[in-house]
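Please read the structure below before turning to the comments.
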Amino acid sequence: MQTRTNDYFITGTDTEIGKTFTTSALLRAFAQQGSSTLGMKPIASGADEIDGVLHNEDVDSLVAASSVKAPQEIVVPYLMRTPAAPHIVAQMENVKMDLQHIQHCYSQAQALADVVLVEGVGGFCVPLDDNTSTVDLAQRLNLPVILVVGMRLGCINHALLTAQAIRASGLHLAAWVANTVDPQMRFFDENVQAIAQRIAAPCLGVM
C-alpha cells in the first residue's frame with residue numbers, strides 16, 4: 001500500500017470530543033489548497049434508516065466535507081445500527097470486523113482522492129472485538145496520527161496518556177488539536193499551554 005504524505009488517522013482523547021468536526025475542517029482546508037479529499041470512518045455505530053439507506057451523523061458530515069464522492073461501503077465499511085461501544089454492537093448485530101477489509105477500502109479511497117483522512121471510533125484504545133482495538137486498526141493503516149483533545153477538566157492527563165499510547169504503538173503523532181468541549185472551562189489557555197509543553201507535536205489550532 002502506497003504511503004502518502006497528506007493522509008492521516010484522526011483519533012481523540014475520548015468519544016464526542018470533536019473528531020468529526022476536526023476531520024471535516026481538515027478536509028475542507030486541504031480542498032482549499034487544491035487537493036481532492038475523501039473522509040473515511042471505517043467503523044461507525046449508531047445509524048438510522050432513511051429511504052432504505054442507513055445514515056450515521058458523523059459519516060454524513062464527512063461525506064459533506066469531502067470533495068470526492070465515494071460508495072458508502074468504502075467510506076464506512078462497517079456501519080452498525082446501535083449507538084454503543086463498537087465491540088458490544090458488533091456482537092449484538094453479528095458483525096465480524098476484518099482489518100484487512102478496512103485496509104482494502106482505504107486503498108480504494110486512495111485511488112479516488114489526493115488526500116484521505118481516516119477517522120477512528122471513540123478514543124485511541126477502544127476495543128473492536130475480543131482480540132483487536134482501534135490501535136490495531138491504526139497500526140494496520142500505518143498513518144501519521146492527529147490527536148483531537150477535548151478541552152475540559154482532566155484533559156491534560158487524557159491527552160498525555162493518549163499521546164503515550166500512540167507512540168508506544170509505533171505510530172507517529174503528527175499533530176494535535178485543542179477542541180473546546182466545555183466553553184465554561186476555567187484556565188483554558190493555561191491547559192492548552194500545559195499540553196503543548198508536554199506533547200512533542202505541533203498544535204494545529206484551537207477550535
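It should be emphasised that the depicted structure is a prediction, and the values quoted were computed from it without experimental measurement. Side chains are part of it too, since the values below use all heavy atoms of this structure and drop only hydrogens, waters and symmetry mates.
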Listing, residues 184-204 side-chain donor-acceptor contacts under 3.5 Å, not counting sequence neighbours, or none:
residue : atom : partner : partner atom : Å
Asn191  : ND2  : Phe187  : O            : 2.7
Arg198  : NH1  : Ala194  : O            : 2.9

Which Ile, Leu, Val, Met, Phe, Trp or Tyr residues join Val53 in one cluster when any pair of side-chain heavy atoms under 4.5 Å counts as a link? none

Please list all pairs meeting side chain to side chain donor-acceptor pair (under 3.5 Å) that have one or both residues in residues 163-179, counting only residues at least two apart or in different chains. none

Under 3.5 Å, which donor-acceptor pairs do the side chains of residues 120-134 form with other protein atoms, sequence neighbours left out?
residue : atom : partner : partner atom : Å
Asp129  : OD1  : Asn131  : N            : 2.8
Asp129  : OD1  : Thr132  : N            : 2.7
Asp129  : OD1  : Thr132  : OG1          : 2.9
Asp129  : OD2  : Thr132  : OG1          : 3.3
Ser133  : OG   : Val135  : N            : 3.2
Ser133  : OG   : Asp136  : OD2          : 3.4
Thr134  : OG1  : Val126  : O            : 3.2

If we only count heavy atoms from C-beta on, is the Asp58 to Leu62 side-chain gap below 4.5 Å? no

Donor-acceptor contacts under 3.5 Å from residues 74-83 side chains, at least two apart:
residue : atom : partner : partner atom : Å
Tyr78   : OH   : Asp98   : N            : 3.0
Arg81   : NH2  : Glu49   : OE1          : 2.9
Thr82   : OG1  : Glu93   : OE2          : 2.9

Separation of Leu173 CG from Ile166 CD1 (nearest 0.5 Å): 5.0 Å

Taking only residues two or more places apart in sequence or in another chain, which ones pass side-chain contact (heavy atoms from CB on, under 4.5 Å) with Ala29? none

Rounded distance [0.5 Å steps], CG in Leu117 versus OG1 in Thr23: 6.5 Å

Applying side-chain hydrogen bond (donor to acceptor under 3.5 Å, both in side chains) to Ser67 and not counting sequence neighbours gives Thr37

I want to check something: taking the side chain as every heavy atom from C-beta on, are Tyr106 and Leu143 in contact at a cut-off of under 4.5 Å? yes

Residues that His104 engages under side-chain hydrogen bond (donor to acceptor under 3.5 Å, both in side chains), provided they are two or more places apart: none

Count the heavy atoms of every other residue, nucleotide or ligand shown that sit under 6.0 Å from NZ of Lys96, and state whether that count exceeds 12. no

Between Asn56 (side chain) and Gly46 (backbone), is there a donor-acceptor pair under 3.5 Å? yes

With sequence neighbours excluded, what pairs up with Ser61 under the side-chain contact (heavy atoms from CB on, under 4.5 Å) test? Thr20, Ser24

So how far is it from Ile102 CD1 to Ser107 OG, rounded to the nearest 0.5 Å? 12.0 Å

Which pairs, with at least one residue in residues 41-76 and sequence neighbours excluded, count as a ring-ring contact (aromatic ring centres under 6.0 Å, His included)? none

Side chains of Leu147 and Thr13: closer than 4.5 Å at any heavy-atom pair? yes

If you round to the nearest 0.5 Å, how far is OG1 of Thr180 from CD1 of Ile17? 11.5 Å

Apart from Leu153 itself, which Ile, Leu, Val, Met, Phe, Trp or Tyr residues share its cluster (side-chain heavy atoms under 4.5 Å, direct or through members)? none

What pairs meet the salt bridge (charged side-chain N to carboxylate O under 4.0 Å, His left out) rule with one or both residues in residues 102-128, with sequence neighbours excluded? Lys41-Glu119

